[in-house]
There are 2 protein chains.
Amino acid sequence: MGYPREQSIQQATEVFWLKGYLGTGMRDLQTALDKRPGSIYSAFGSKEGLYLEVLNHYTGVLHGQIMAVANSDTPLQQLREFLRFPLTVEDSAAHKIQCLIVKTQADWAELPEGVKSELQAALAHLREAFQAVILKARSTSELAADIPVERAAMWLQGQFIAMRTLATSVESPASLSWMVDKIVCDLCGEWAQ
Amino acid sequence: MGYPREQSIQQATEVFWLKGYLGTGMRDLQTALDKRPGSIYSAFGSKEGLYLEVLNHYTGVLHGQIMAVANSDTPLQQLREFLRFPLTVEDSAAHKIQCLIVKTQADWAELPEGVKSELQAALAHLREAFQAVILKARSTSELAADIPVERAAMWLQGQFIAMRTLATSVESPASLSWMVDKIVCDLCGEWAQ
DNA sequence: TATTAATTTGAACGATCGCTCAAATTTAAC
DNA sequence: GTTAAATTTGAGCGATCGTTCAAATTAATA
């Protein structure tokens, strides 16, 4: 049995997701991974190195979910389900409502340079996935042919951020599902050039 | 000359706004206020105490701005200007794009209990102001009579968060002004019950 | 000006931070 | 079974954290 990288990354994701990059200490990670500092450092090099692997894995999963929406036959309907899902997590995992990327971005000014650039890349990567959703919905005529694709993709990312952020500050996230309908409705609505 | 509370609060606001609650150290504050630790502690009691005064002052200013929108004769037009303004800050003050409250909220899990509850209160207070804008716009018939007021207020707060967050991750915030138009457009659009 | 009260100073405390590395342990090779 | 290589261990490093408090300074009173 070599070092369980995959498992460690998943356990570290939980901690970073809950406490953020700055808020997470190496001792939190040592506890969560059940590893002593030397093992973690020999496997990941530094706290930043571990975080970057976590961010990479997290972004990949999220990107995959959005691309699955884009690749479905009914992208707008799948988008609805994608947006609604995080509102249904149980209380014990409430931190999972907030997107890890957006959460980390809030600490922007204090982040190491390497984390900053990877964060920017992650945001851009996810925006590409949102753009694929728009394009697919346009091709299935669920969206008008003249929709401004890049703006709509960025707007969609913004709606994602808004909903996730609001959901973390409300006692019952599920009660925000009307917002999902509003988003899809507005996506199909007016896009004055 | 007594202790310059007002001035200290404004200087501390700058630091907390830039670096967040967790990211700001007492030594950052000592530098910014040009005061030694004892003075700060005798005036504000603790880092948390100083932050709470900063948050209170900040919330008051923002609430006042939104209420000014609500009290104008053309609330929707004023809302446009209110939303557009932060997109125009110069590069050197880029951190001012992001709302201090939303920024602090991202560190939720690590915040002292007192900060958490004040943050919740601040968000609710600002939502009341957004609600006043909706109500006023309805009374001037800029908005339909059957708009769901509470939902629209929360949605508007979400749009505010989305725009401010996106603006911090883009090279030219001013290029997002189309989003302001989209927000006002969507506010006037469909609100399926 | 002498005396008291209020404020400011800054060295330093204990706790925690990210991280190191010599030693102990486990694994692999023969 | 013996030896060499790879991995894990955990005490502890220097730095920084929020905070304290005796001493120095400034302001107020008589």
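Lettering of chains follows the sequences in order, A, B, ..., and the numbering in each one begins at 1.
Between the side chains of Glu48(B) and Ser46(B), no donor N or O sits under 3.5 Å from an acceptor N or O.
For Arg164(B), there are no side chain to side chain donor-acceptor pair (under 3.5 Å) partners two or more places apart in sequence or in a different chain. Taking the side chain to side chain donor-acceptor pair (under 3.5 Å) definition, one finds that Gln98(A) meets it with nothing, sequence neighbours left out. Residues that satisfy the side chain to side chain donor-acceptor pair (under 3.5 Å) test with Asn71(A), not counting sequence neighbours, are absent from this structure.
Ranking dT20(C), dT8(C), dG10(C) by closeness to the Pro37(B) side chain, first place goes to dG10(C).
Hydrophobic cluster membership of Met67(A), counting Ile, Leu, Val, Met, Phe, Trp and Tyr whose side-chain heavy atoms lie under 4.5 Å apart directly or via other members: none, as it forms a cluster of its own.
Between the NZ atom of Lys35(A) and the P atom of dT9(D) there is a distance of 6 Å, given to the nearest Å. Straight-line distance from the CZ atom of Phe44(A) to the P atom of dT7(D): 14 Å, rounded to whole Å. Whole-Å rounding puts the Leu33(A) CG to dT9(D) C1' distance at 15 Å. Distance CG (Asp34(A)) to P (dT8(D)): 12 Å, rounded to an integer number of Å. Between the CG atom of Leu29(B) and the P atom of dT19(D) there is a distance of 11 Å, given to the nearest Å. Whole-Å rounding puts the Phe16(B) CZ to dG18(D) C1' distance at 12 Å.
In this pair, Trp178(A) and Trp191(B) present their aromatic rings tilted. The plane angle is within the 30 to 60° band. In this structure, Tyr21(A) and Phe16(A) have parallel ring planes: the angle between them is below the 30° cut-off, well short of the 60° mark.
Within the structure, a side-chain polar atom (N or O) of Arg36(A) is placed less than 4.0 Å from OP1 or OP2 of dG10(D).
For the pair Lys182(B) and Trp155(A), the distance from NZ or CZ to the six-membered ring centre is under 6.0 Å and the angle to the ring normal is within 45 degrees. Relative to the ring axis of Tyr41(A), Lys35(A) does not place its NZ or CZ within 45° and under 6.0 Å from the centre.
Glu48(B) comes within 4.0 angstrom of no nucleic acid atom, judged by non-hydrogen atoms across all strands.
Proximity of residues 49-58 of chain A to DNA chain C (heavy atom under 4.0 angstrom from any strand atom) is not detected for any residue.
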Mind listing the N/O atom pairs, protein and nucleotides 16-18 of chain C, below 3.5 Å?
unit_1  : atom_1 : unit_2   : atom_2 : d
dG18(C) : OP1    : Thr24(A) : O      : 3.0
dG18(C) : OP1    : Lys47(A) : NZ     : 2.9
dG18(C) : OP2    : Met26(A) : N      : 2.6
dG18(C) : N7     : Arg27(A) : NH1    : 2.9
dG18(C) : O6     : Arg27(A) : NH2    : 2.8

